[in-house]
2 protein chains.
Amino acid sequence: MLSTERQPSGEGGNASVRVTLKDIAQRAGVSMMTVSNVINGNSARVSPATIERIQRIVVELGYVPSHSARSLAAKSSRMVGVLVPAADEESLTISPHNVAIIGQLERELRKRAYDVLLRGIARPGEVAEALRAWNLDGALLLGFLDEEIATFTASSAGRTRIVAVDSYADNPVTRGVRTDDVTGGRLAAEHLRALGHVDVVFAGPRFAGQGVVWQRFQGFKEALGGDCAVEAANTTYDDGVALGRRLRADHPSATAVFATADILAIGVVAGLQETGARVPDDVSVMGFDDLDLCRYVRPTLTTIAQDLPAKAATAVAMLIGEIERDEEPPAPATLDVHLVERGSTGPAR
Amino acid sequence: MLSTERQPSGEGGNASVRVTLKDIAQRAGVSMMTVSNVINGNSARVSPATIERIQRIVVELGYVPSHSARSLAAKSSRMVGVLVPAADEESLTISPHNVAIIGQLERELRKRAYDVLLRGIARPGEVAEALRAWNLDGALLLGFLDEEIATFTASSAGRTRIVAVDSYADNPVTRGVRTDDVTGGRLAAEHLRALGHVDVVFAGPRFAGQGVVWQRFQGFKEALGGDCAVEAANTTYDDGVALGRRLRADHPSATAVFATADILAIGVVAGLQETGARVPDDVSVMGFDDLDLCRYVRPTLTTIAQDLPAKAATAVAMLIGEIERDEEPPAPATLDVHLVERGSTGPAR
DNA sequence: GTGAAAGCGCTAACAC
DNA sequence: GTGTTAGCGCTTTCAC
C-alpha cells in the first residue's frame with residue numbers, strides 16, 4: 001500500500017534493481033512455478049490463500065514480468081507487429097488512412113493485453129525478419145500492394161499469423177480484411193448517375209487486374225453503364241491538384257470525378273477551383289474513405305464511407321482468433337460501405 | 001549453398017524450425033561466441049577469414065537473431081517505446097499532430113536499428129511498466145501534460161532514458177524537446193498587430209502556469225501589448241466550430257482569433273462561416289503547427305509552423321545519445337518556429 | 001583470435 | 001496444490 005516501500009529491503013543482497021519471479025517466490029516461501037501460475041492466472045493450480053499472498057507481495061515489491069524472458073521461454077511474445085509500407089529506409093509517411101487505423105489497432109490490441117511493434121517495411125524480407133526477431137505472435141499488414149504481400153509470405157516461416165488490411169492477396173498465410181470496394185465503386189457510380197452525370201473520370205493509383213483500386217473500378221464501371229476515362233494519380237493532395245488543374249482541358253465534357261481516396265479528391269477540388277471551375281456546379285467530385293478531413297474542406301466532400309474502427313476491430317479479432325484459439329484461418333472479411341452525401345456533388349450541368 | 005538444406009540434419013533432433021547461433025557455430029566449426037562477435041560487428045576479435053565464412057553461413061541459413069534472447073542476456077533491447085496519451089483503456093485517438101510525428105520517429109529510429117513499441121498510456125504507472133516489461137532502452141513521450149510526466153517519472157526506475165516531446169516538465173529523468181512556443185505566440189501576436197488587430201481572442205486548452213499552451217499565451221500576450229480574451233477549448237474541430245459559432249455573440253468587437261492548434265483554428269473558421277462571418281474579412285483566424293491540413297481548407301490557414309521532422313530527429317538524437325554514448329542528459333532542446341502567412345488572416349476591419 | 005562456463009528471467013513437462 | 005528439472009537463444013566473463 002505504501003508507495004515508498006518499493007525497494008526490496010534485503011533478503012540476501014540479491015539483484016537490487018529488478019524484481020524477479022524468484023524474489024517473489026523466496027519471499028512467499030513457494031516455488032517459482034507457483035508464482036508463475038498466479039501471475040498467469042492459472043488459478044486452478046494454486047490455492048486461494050496462496051494466490052492472495054503472492055498477489056500481495058507482487059504489488060508490494062512492484063514486480064513487472066519480463067516479456068523478453070517470457071517470450072524466450074514460451075515462444076510467444078504477446079506482441080504483434082503493425083507493419084506499414086516505407087518507401088525506403090529514409091522515409092515513412094504514413095498515409096492518412098493508415099494513420100487513422102493505427103490508433104484503432106493499438107487500442108484493440110491493448111484491450112486484449114497485446115503490445116504493438118510499429119515498423120516501416122522497406123524490403124520484402126523485413127516482414128519475416130521482424131516476425132522472427134521478436135517472436136511476434138502475429139502481424140497486421142497495412143495497405144500493402146497485393147503483389148508485395150505475395151513476396152512477404154513467400155519468405156515467411158509459415159507459423160506466424162498474418163492479417164492483411166486492405167488487400168486482396170489470397171494465399172495460404174495471409175488473411176484479409178477489406179472494405180467492400182466493389183460496392184463502394186457501385187455506390188459512387190449510382191450516386192453520380194442519379195445526379196445525371198454520364199461523362200465521368202475515375203482517378204486513382206494505377207491498377208492492373210487486382211487490388212483495392214481495381215475492385216473499386218469494377219464496381220464503378222459496371223454501375224455506370226457506359227465507359228469512363230481513367231486518370232492515374234497517386235494518393236496525394238498534390239497529385240489531385242495537378243489533375244484538377246488540367247481536368248477541363250483534358251476532359252472538357254466530363255462533369256464528375258470519382259477519386260479513390262479523399263485526399264486525392266480534395267486535391268482535385270482545389271485544382272479545379274484554381275482554374276475557375278465551381279464544385280459542384282461545374283464539376284462534381286467525390287472521394288473514398290470518409291476521413292475527418294471531408295468535413296473540414298469547402299465544399300464538404302461527398303464520399304464512400306468505410307467504418308475504420310470496425311475494420312480495425314475485425315482485423316484484430318481475426319488475428320487474435322487465429323493466435324489464441326488456433327482457429328482455422330477465417331475467410332477474408334469484407335466490411336460494408338455507404339454513401340455519405342455532402343457538398344461536393346450535385347446535378348450534372 | 002543449397003537452400004533446401006535448412007533443417008539441421010541430425011545432431012540429436014534439436015529444435016527444427018529456428019536457426020540459432022549454435023547452428024551457425026556448428027556449421028562453421030567455431031564457438032557460439034565467435035559467431036556472436038561476428039553478428040555484432042566486433043570484428044576486432046575475429047579473423048577476417050572467419051568473419052567472411054560465418055557471414056556466408058548466416059545468409060545461407062537465413063539466420064535472424066532473437067531479440068528476446070538478446071534482450072534477456074544483454075539487458076538491452078534495442079527497442080524504444082513511443083508512448084502516447086490514451087484517455088482510457090477504451091480509446092486511442094492520436095492527435096493529428098502526434099500522428100504526424102510518430103511516422104518520423106519510427107523512421108529515425110529504424111535508421112539507427114531500433115525498434116518501436118507503440119503504446120497508449122491510460123494510467124501513469126503504465127509508463128514504468130512498459131519500460132521494464134520489455135527492457136526498453138528508452139522512451140519517447142508524446143504530448144503529455146507536464147503534471148502527468150511528473151507522475152510517470154516518480155514511478156520510473158530511474159535508469160531508463162526518457163525524452164518528452166512537447167513538454168516543459170523539467171526533472172531529473174525527463175529531457176524535453178519542444179517548439180519555441182513563446183516565440184510562436186509572439187510571432188502570432190506581431191502578425192495580427194501588424195494587420196491592425198487589437199481586440200483578439202486566444203483559444204486553446206485550459207492552462208495554468210505551465211505547459212505548451214501557457215508558453216504560447218505568454219509570448220502572445222506580451223507581444224500584443226494589450227489584454228486579450230481567453231477562450232478554453234479542446235484541440236478538436238468540433239470545439240472550434242462551437243467557438244466560432246458563438247464568437248461574434250460573445251466577443252462582438254473581436255477581429256481576430258489565435259488558436260493554439262490548426263485543427264481548432266479550422267473549426268473556428270467553419271463556425272464563423274456558419275454564422276455568416278467572412279474570414280478573413282470580418283475575422284482573421286490563425287493556428288499553430290502547420291499541418292498539411294492548412295493547405296487543404298479555404299481560406300488556407302495562416303499558422304505558426306514548426307518543423308516536425310526536425311523535432312522528431314532531435315528527440316531521437318537526444319535519446320540515442322543518452323543511450324549509446326551514455327551522454328549527460330542534454331539541456332532541453334527548443335526548435336525554431338516561423339510564421340506562414342496564408343489566406344485566413346487579413347487587415348482588421 | 002577463440003572458447004567454455006554460467007546465467008539473464010521465465011515456462012514446459014512432468015513428478016510428488 | 002506444489003516442486004523439480006531442463007531448457008528457450010543469447011551474452012558476459014574470463015581463460016587459453
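Lettering follows sequence order; numbering is per chain, from 1.
Among the nucleotides D/dG1, D/dT11, C/dA12, the one closest to the side chain of B/Met32 is D/dT11. Set against D/dG1, D/dG3, D/dC10, the side chain of B/Pro65 has D/dC10 as its closest nucleotide. Candidate nucleotides D/dT11, D/dG3, C/dT11 were compared by shortest atom distance to the side chain of A/Ala74, and C/dT11 ranks first. In the set C/dG1, D/dG3, D/dG9, the nucleotide with an atom closest to the side chain of A/Leu72 is D/dG9. When the nucleotides C/dG3, D/dT11, D/dT4 are ranked by their closest atom to the side chain of B/Val30, C/dG3 comes out on top.
Between the CZ atom of B/Arg70 and the C1' atom of D/dG9 there is a distance of 11 Å, rounded to whole Å. In this structure, B/Lys22 atom NZ and C/dG3 atom P are separated by 15 Å, rounded to whole Å. Atom CZ of B/Arg18 is separated from atom C1' of D/dG7 by 15 Å (rounded to the nearest Å). To the nearest angstrom, C1' of D/dC8 lies 15 Å from CZ of A/Arg132. Between A/Met33 atom CE and C/dA13 atom C1' the separation is 9 Å, expressed in whole Å. For the pair B/Arg78 CZ and D/dC10 P, the interatomic distance rounds to 16 Å; values are reported in whole Å. If you take CD1 of B/Ile54 and P of C/dG1, they are 14 Å apart, rounded to a whole angstrom. One interatomic measurement links the two molecules: CG of B/Asn40 to P of D/dC10, which rounds to 10 Å at whole-angstrom precision.
Taking side-chain N and O atoms only, A/Thr50 has no distance below 4.0 Å to OP1 or OP2 of D/dG1. A sub-4.0 Å separation between OP1 or OP2 of C/dG9 and a side-chain N or O of B/Lys75 is present. Within the 4.0 Å cut-off from OP1 or OP2 of C/dC10, not a single side-chain nitrogen or oxygen of A/Ser68 is found. The side chain of B/Arg45 contributes no N or O atom lying less than 4.0 Å from OP1 or OP2 of C/dG1. The phosphate of C/dC10 has neither OP1 nor OP2 within less than 4.0 Å of any side-chain N or O from A/Ser66.
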Next item on the list: Applying side-chain contact (heavy atoms from CB on, under 4.5 Å), run through B/Ile102 and A/Leu118 and close with a yes or a no.
Entry: CA-CA 10 Å; B/Ile102 289 178; A/Leu118 176 66; 3.7 Å; yes
Note to self: Run B/Lys111 and B/Val316 through side-chain contact (heavy atoms from CB on, under 4.5 Å) and show every step you take.
What the structure shows: CA-CA 11 Å; B/Lys111 266 164 53 180; B/Val316 170; over 6 Å; no
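For the pair A/Ser71 and B/Ser68, the tightest heavy-atom approach, listed with the atom from each and the gap, is OG-OG, 2.9 Å. The minimum heavy-atom distance between A/Tyr114 and A/Val80, with the atom names listed, is CD2-CG1, 3.7 Å.
Counting non-hydrogen atoms under 4.0 angstrom, A/Asn37 reaches nothing in the nucleic acid.
Under a 3.5 Å cut-off, the side chain of B/Arg110 and the backbone N or O of B/Val116 do not form any donor-acceptor pair. Side-chain atoms of B/Arg178 come within 3.5 Å of backbone atoms of B/Ser167 as a donor-acceptor pair (strictly under, hydrogens ignored).
The residue among B/Val46 and B/Ala73 whose nearest nucleotide of DNA chain C is located toward the 5' end is B/Val46. Residues A/Thr34 and B/Ile39 both approach DNA chain D. Their nearest nucleotides, taken by heavy-atom distance, put A/Thr34 toward the 5′ side.
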